[in-house]
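Chain letters run A, B, ... following the sequence lines, proteins first and then strands; every chain starts at 1. Computed from a predicted structure; not experimentally measured.
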Amino acid sequence: MDKSSLLSLCLCFLVIFHCCVAQIEQVTSYDGDHHRQRLNRAQQDQCRLDNLNAAEPSRSFQSEAGVTEVWDENDEQFQCTGVVAIRHIIQQRGLLLPQYANGPKLIYVVQGNGVQGALIPGCPETYQSPSESEYRERRQSQGDQHQKVRQLREGDVVALPAGVAQWIYNNGRSPLVLVQIIDTSNPANQLDQSHRLFFLAGNPHRKVQSQRGESERRHEWSRGESLRSHQRSGNVFSGLDEQLLAEAFNVNRDIARRLKGENDNRGIIVSVEGELEYFSPRRNQEEEKRERQFVNGIEETFCTARLKHNINDPSRADIYNPRGGHVTNVNSHNFPILRHLRLSVQKGVLFRNAIFAPHWNINAHSIYYFTRGNGHVQIVDENGDAVFDGQVQQGQILTAPQNFVVLKRASNEGLEWVSFKTNENAQISPLAGRTSAIRALPEAVVANAFQISREDARRLKENRQEVTVFSPGSRSRN
Amino acid sequence: MDKSSLLSLCLCFLVIFHCCVAQIEQVTSYDGDHHRQRLNRAQQDQCRLDNLNAAEPSRSFQSEAGVTEVWDENDEQFQCTGVVAIRHIIQQRGLLLPQYANGPKLIYVVQGNGVQGALIPGCPETYQSPSESEYRERRQSQGDQHQKVRQLREGDVVALPAGVAQWIYNNGRSPLVLVQIIDTSNPANQLDQSHRLFFLAGNPHRKVQSQRGESERRHEWSRGESLRSHQRSGNVFSGLDEQLLAEAFNVNRDIARRLKGENDNRGIIVSVEGELEYFSPRRNQEEEKRERQFVNGIEETFCTARLKHNINDPSRADIYNPRGGHVTNVNSHNFPILRHLRLSVQKGVLFRNAIFAPHWNINAHSIYYFTRGNGHVQIVDENGDAVFDGQVQQGQILTAPQNFVVLKRASNEGLEWVSFKTNENAQISPLAGRTSAIRALPEAVVANAFQISREDARRLKENRQEVTVFSPGSRSRN
Amino acid sequence: MDKSSLLSLCLCFLVIFHCCVAQIEQVTSYDGDHHRQRLNRAQQDQCRLDNLNAAEPSRSFQSEAGVTEVWDENDEQFQCTGVVAIRHIIQQRGLLLPQYANGPKLIYVVQGNGVQGALIPGCPETYQSPSESEYRERRQSQGDQHQKVRQLREGDVVALPAGVAQWIYNNGRSPLVLVQIIDTSNPANQLDQSHRLFFLAGNPHRKVQSQRGESERRHEWSRGESLRSHQRSGNVFSGLDEQLLAEAFNVNRDIARRLKGENDNRGIIVSVEGELEYFSPRRNQEEEKRERQFVNGIEETFCTARLKHNINDPSRADIYNPRGGHVTNVNSHNFPILRHLRLSVQKGVLFRNAIFAPHWNINAHSIYYFTRGNGHVQIVDENGDAVFDGQVQQGQILTAPQNFVVLKRASNEGLEWVSFKTNENAQISPLAGRTSAIRALPEAVVANAFQISREDARRLKENRQEVTVFSPGSRSRN
């Protein structure tokens with residue numbers, strides 16, 4: 001063995017060692033700030049879930065370049081799961097102002113194209129203007145640098161940790177429609193269950209904030225405070241002293257005053273004159289490849305973490321049944337940031353009259369947003385009572401609480417959904433089909449449990465060989 | 001160095017590397033779905049624990065082949081610890097119907113023999129009939145396959161994650177007595193603190209469900225609803241549409257109807273005609289050896305995880321005092337699934353008049369079920385008040401809240417217990433004996449703290465050299 | 001390659017392997033007992049944080065050799081963050097009696113010198129008297145052994161897990177002033193949010209215990225119970241039977257009776273006659289070096305874990321601005337026990353008129369204790385309202401809730417603080433300066449968001465190049 005092989009051996013050693021340590025650090029650092037758990041999903045002593053509704057947004061408000069719709073936080077399905085749902089419709093050239101929330105966010109791009117920028121503290125401004133080099137030499141150039149900008153398209157899921165600010169801009173030719181949940185009962189939120197949106201700019205309408213226990217608050221308003229004062233909430237600079245702001249930014253008081261957005265009536269989605277300028281690499285695919293490397297490799301930190309993942313491609317489905325439909329799961333294994341957020345996502349597509357196996361969610365609530373079509377859903381509680389039995393359709397939200405049994409059947413038009421799940425590795429236990437609980441039972445247990453013959457027990461175990469997504473059976477028309 | 005040694009070196013490398021990575025993945029995946037914490041043990045602002053009782057079950061109900069007894073959830077010791085206690089007495093050839101709960105379970109086999117099957121989604125049906133090969137060829141055989149079946153015997157602890165269903169069958173010659181706790185304040189439960197039992201079959205009595213805040217509910221019943229409607233709760237199929245069920249299972253409506261168990265009055269433990277057939281390997285010891293390999297190795301997943309552990313063997317005790325008794329602890333180190341459940345178990349045996357050192361639980365509540373004998377227990381709170389001072393005996397439950405000081409002394413008959421602890425690595429801090437807090441203090445601190453002489457301080461530190469389990473002293477008769 | 005290099009290679013292997021495994025075990029064991037989360041920080045449905053105060057302690061009581069001061073648990077900033085703040089002033093030769101609490105503690109040494117001993121169960125008594133060898137032979141010597149004793153000095157942070165007892169002794173020449181928080185909403189606490197102090201000795205004043213919801217309790221007192229009975233709370237031995245104690249410790253009943261401290265009126269800080277004797281290695285620096293090795297190495301367990309860390313040395317600052325001040329962060333990376341406690345600490349020093357960048361805490365509450373000087377602080381909520389806008393000064397506590405925006409400016413005298421943070425890796429997101437959120441935005445977004453020119457947008461991004469700690473600007477006198 002010569003010196004060079006010895007050297008290479010040693011190098012090899014070092015690589016292994018570092019890799020090892022790095023991965024451990026990764027585990028450690030990921031664990032770092034999300035061990036903590038503050039709020040319990042079900043704050044009330046008795047969380048009644050005996051009458052669920054397929055819900056539309058309960059309030060909405062107009063901004064200069066878009067509309068924001070909020071589902072009712074006092075609806076039991078949101079109160080018990082500790083999740084808030086919001087839909088933004090951003091017009092062309094509309095900019096959703098930079099804001100952060102007191103819980104992690106999952107955003108699903110229902111329609112359209114856009115760009116998103118997250119403001120992650122401690123990460124470098126890695127996107128630089130082409131004229132950056134001159135800029136550095138302090139010439140009068142248009143040079144600028146900022147943090148990474150991500151392209152958004154239909155089917156993208158964007159994941160954002162609690163307290164991290166972002167902006168979104170519609171650079172497409174049609175409205176950009178985003179459905180998002182904020183998980184306020186997440187351990188990352190140490191405040192109460194009200195969602196709180198902190199805007200870095202603008203002068204947002206107060207309706208964007210939580211209205212939990214609103215009836216009581218309204219009561220207080222009537223006692224003295226004018227309703228008007230509640231219509232506008234300010235941004236985070238509003239409450240700071242102008243002079244202190246001027247000092248902190250080392251700018252004059254006029255600019256400092258503009259930070260507070262006092263007379264800004266544009267709402268939270270504003271129109272941009274012309275095109276919004278930002279820097280974005282053209283070699284987007286290379287970029288993604290590199291990101292993928294990071295994910296599999298050792299350099300995964302928040303700065304380089306992938307924050308988006310597309311779940312619309314049927315060719316990447318986890319379950320595919322050409323006669324039934326397909327299901328794609330996004331969890332901490334294929335979208336590592338979700339480990340930090342403790343959330344995951346499922347995209348489901350049922351073709352006409354197809355059935356999604358009756359099942360229960362083992363370790364998560366499942367918040368369905370129906371993206372297309374319609375169908376029939378039944379949800380059953382521990383007493384065997386149906387807490388939901390009805391039609392659902394595009395644009396509605398329906399929650400399947402943890403452990404409740406769910407059965408979905410598409411109409412003639414099919415049914416599609418994105419489901420937000422309150423566990424980074426949400427798992428279901430199907431009751432029918434090849435991977436079902438019934439099939440895991442010995443035939444004799446099935447026969448004795450249901451008081452049926454061994455032959456019928458075998459039929460229950462064997463007649464449906466598909467996995468989770470079932471094609472419409474011939475019996476469906478009996 | 002020749003090529004073969006180089007090769008073996010490299011192989012060695014690979015092993016280290018993979019082992020390393022695998023272990024990390026294990027940590028990661030275990031962490032996966034149980035980071036989340038939803039419910040707080042002590043939901044009330046003030047959790048009064050000033051008057052504890054050694055409690056017997058408060059309600060019971062009869063099934064065809066057994067009795068189920070439930071401790072009162074509204075008893076403060078259960079309310080504050082967020083734990084529910086249930087005892088099943090299963091007659092010979094009795095089958096506890098498959099069910100799952102909204103929290104992890106620990107089951108202790110007090111008496112008898114049985115078999116248990118857990119229905120873990122995504123795991124293969126690894127137990128096959130001997131005629132399996134023919135079966136595969138679709139001949140008319142009695143072939144069947146199902147998930148693993150475990151033999152149960154006295155002293156076994158069975159651990160079951162939240163939302164995972166199981167059935168249990170008494171294949172012995174005497175009643176099978178099981179005491180179990182369900183930890184509803186576990187992070188794995190995202191619903192409220194009420195325990196919810198979801199039955200896959202049968203038509204269970206409603207008494208099996210939680211009766212937290214029952215007084216209020218009863219109030220509602222009186223307003224209109226008939227009491228009768230509350231006597232039976234259904235199984236998870238009850239609320240689903242018969243036609244949809246028939247489609248989902250691809251069976252006829254008659255079979256689908258049987259799933260709902262509508263006229264089933266057998267309760268939750270049913271009689272099996274003849275013997276229940278299932279497949280079980282005879283080479284049980286090899287099986288266990290293999291399981292142990294998995295535990296130490298890299299293939300630990302839920303599918304292969306050990307779900308039972310016997311704690312009755314004195315030769316495996318952690319502390320053994322031939323004049324005092326012995327203690328066996330089962331925690332995440334020797335029963336890895338407990339890491340996921342965040343629970344652990346202690347079996348304690350005190351011989352006649354022996355003493356268990358005064359101590360406090362550092363990081364867990366300790367829920368004692370006394371399995372034999374009787375004795376005297378004292379529990380003291382932060383104000384120095386005794387919140388319990390009395391006799392305990394076989395069949396009772398008593399909780400030692402976290403940090404409260406506990407002292408146990410066996411009667412002439414001795415005292416045995418199994419203690420369920422709300423931490424996967426519950427630790428105690430003894431106040432007397434060789435590992436005690438008093439012994440960790442400098443003599444001068446002891447003398448000054450208790451205003452005693454250095455000699456007496458030394459006596460406090462040194463006179464009891466045993467560890468935790470103390471033989472009855474000569475002074476005990478002074 | 002000769003045999004010796006092969007040998008060294010193999011050794012190298014083993015080291016890597018063990019190191020790797022050990023680190024994983026460390027991760028695992030650290031995770032062990034603090035996964036669990038019991039209490040939610042914000043127990044109330046609506047945690048109003050609309051009017052914060054810079055608070056002084058609300059009650060105090062005198063002991064023989066010191067004073068203890070407690071901040072009001074019912075003050076919203078403490079109620080919402082689930083943290084209790086206590087200050088001990090220990091006179092020379094005063095001994096704070098051994099006690100433990102139901103939550104992890106962080107103690108900051110504001111002034112003075114002392115020694116501390118933690119009583120960690122299962123760890124050996126590693127500090128032995130010089131005459132230990134004779135002692136072992138049971139001669140009449142002054143031999144003694146006890147657990148490790150730590151020297152305390154100004155600027156030390158002591159970290160103590162929930163349920164672990166400690167004693168502290170002032171061996172200096174001036175009062176020893178300690179400010180501590182107990183995190184009762186930490187997962188390690190499975191009781192309710194009231195802090196509970198369990199004393200191993202003495203007869204402490206009841207005022208030391210929690211007075212959460214005190215008004216209600218007081219109401220109860222008036223109904224029958226005499227107030228007197230509430231003035232003294234006992235120690236953990238008070239409620240135990242004298243005879244049982246005598247048996248357990250194998251001492252006579254006179255000594256057992258002294259454990260209960262019945263007629264002890266010295267309070268919780270007692271005077272020591274002469275000097276308190278204990279053993280302490282003189283080679284303290286070697287000791288620390290060895291500790292550091294442990295931290296980086298493989299033997300880190302609770303027994304060898306470092307429990308103190310000094311944060312007063314400016315030369316170890318994370319941010320240093322000669323014209324502005326400096327900031328030192330202590331988190332799980334440089335003080336590993338904090339990973340277990342899920343808390344971290346910041347020491348901040350602002351020179352005269354300097355500014356701490358407006359910022360928000362991403363993942364933690366920040367509880368400031370001001371150690372010197374005074375200044376102006378503004379805190380802004382999600383509606384842009386200032387919930388605090390006022391002067392703060394030495395000895396006060398002020399909380400910045402998670403996500404709220406904070407701006408601090410020192411007076412002419414400068415401002416110093418120690419900040420306790422409810423996350424083991426608390427992170428801030430500055431709004432101004434080189435690492436700010438504003439700088440991470442594309443210039444065009446800044447311009448459009450604030451309706452300002454591109455030039456002004458660039459000024460906002462570029463005019464303040466310092467990081468977080470800003471020197472007083474020339475504009476500060478405009």
Backbone of [Y] reached by a side-chain donor or acceptor of [X] within 3.5 Å:
X      : Y      : value
B:Q378 : C:D241 : yes
C:Q209 : B:E382 : yes
B:D456 : C:I255 : no
C:E247 : B:F470 : no
C:Y100 : B:N403 : yes
B:R464 : C:V251 : no
C:D144 : B:P442 : no

In terms of heavy-atom pairs under 4.5 Å with chain C, which of [options] leads?
options                        : answer
B:V467, B:I438, B:N448         : B:N448
B:D389, B:N361, B:V445, B:V446 : B:V445
B:N331, B:L407, B:I452         : B:L407

For a quick test of reading the model, state the closest non-hydrogen atom pair linking [X] to [Y] and the distance between them.
X      : Y      : value
C:L119 : B:A440 : CD2-CB, 3.8 Å
C:P121 : B:I362 : CG-CD1, 3.2 Å
C:A248 : B:I355 : N-CD1, 4.1 Å
B:A444 : C:E277 : CB-O, 3.4 Å

Value rounded to 0.5 Å, distance of [atom1] in [X] from [atom2] in [Y]:
X      : Y      : atom1 : atom2 : value
B:E466 : C:N250 : CD    : CG    : 8.5 Å
C:Q190 : B:N423 : CD    : CG    : 6.5 Å
B:I379 : C:L240 : CD1   : CG    : 10.5 Å

Can you tell me which portion of [X] sits under 4.5 Å from chain C's heavy atoms? Options are side chain, backbone, both or neither.
X      : answer
B:D381 : backbone
B:F404 : both
B:H376 : side chain
B:A357 : neither

Mind checking whether [X] and [Y] have side chains closer than 4.5 Å, heavy atoms only?
X      : Y      : answer
B:N383 : C:R206 : yes
C:Q145 : B:R439 : yes
C:V236 : B:W360 : no

Contacting region of [X] [heavy-atom separation from chain B under 4.5 Å]:
X      : value
C:Y169 : neither
C:L95  : side chain
C:A101 : backbone

Below 4.5 Å, heavy-atom pairs only: which of C:N235, C:V270, C:L97, C:V272 has the largest tally toward chain B?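 Heavy-atom pair counts peak at C:V272.
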Discussion item. Please rank C:V208, C:L197, C:N203 by heavy-atom pairs under 4.5 Å with chain B and give me the top one.
Written reply: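 Top count of heavy-atom pairs under 4.5 Å with chain B: C:L197.
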Problem - Pair C:H146-B:E443, side-chain contact (heavy atoms from CB on, under 4.5 Å): steps then yes or no - result: CA-CA 8 Å; C:H146 54 76; B:E443 214 170 86; over 6 Å; no
*For C:L191 and B:L49, what are the C-alpha separation, side-chain angles and deciding distance, and is it a side-chain contact (heavy atoms from CB on, under 4.5 Å)?*
CA-CA 10 Å; C:L191 294 163; B:L49 287 162; 3.8 Å; yes
I'd like to know whether CD of C:E273 has more than 12 heavy-atom contacts from other residues, nucleotides or ligands below 6.0 angstrom.
no
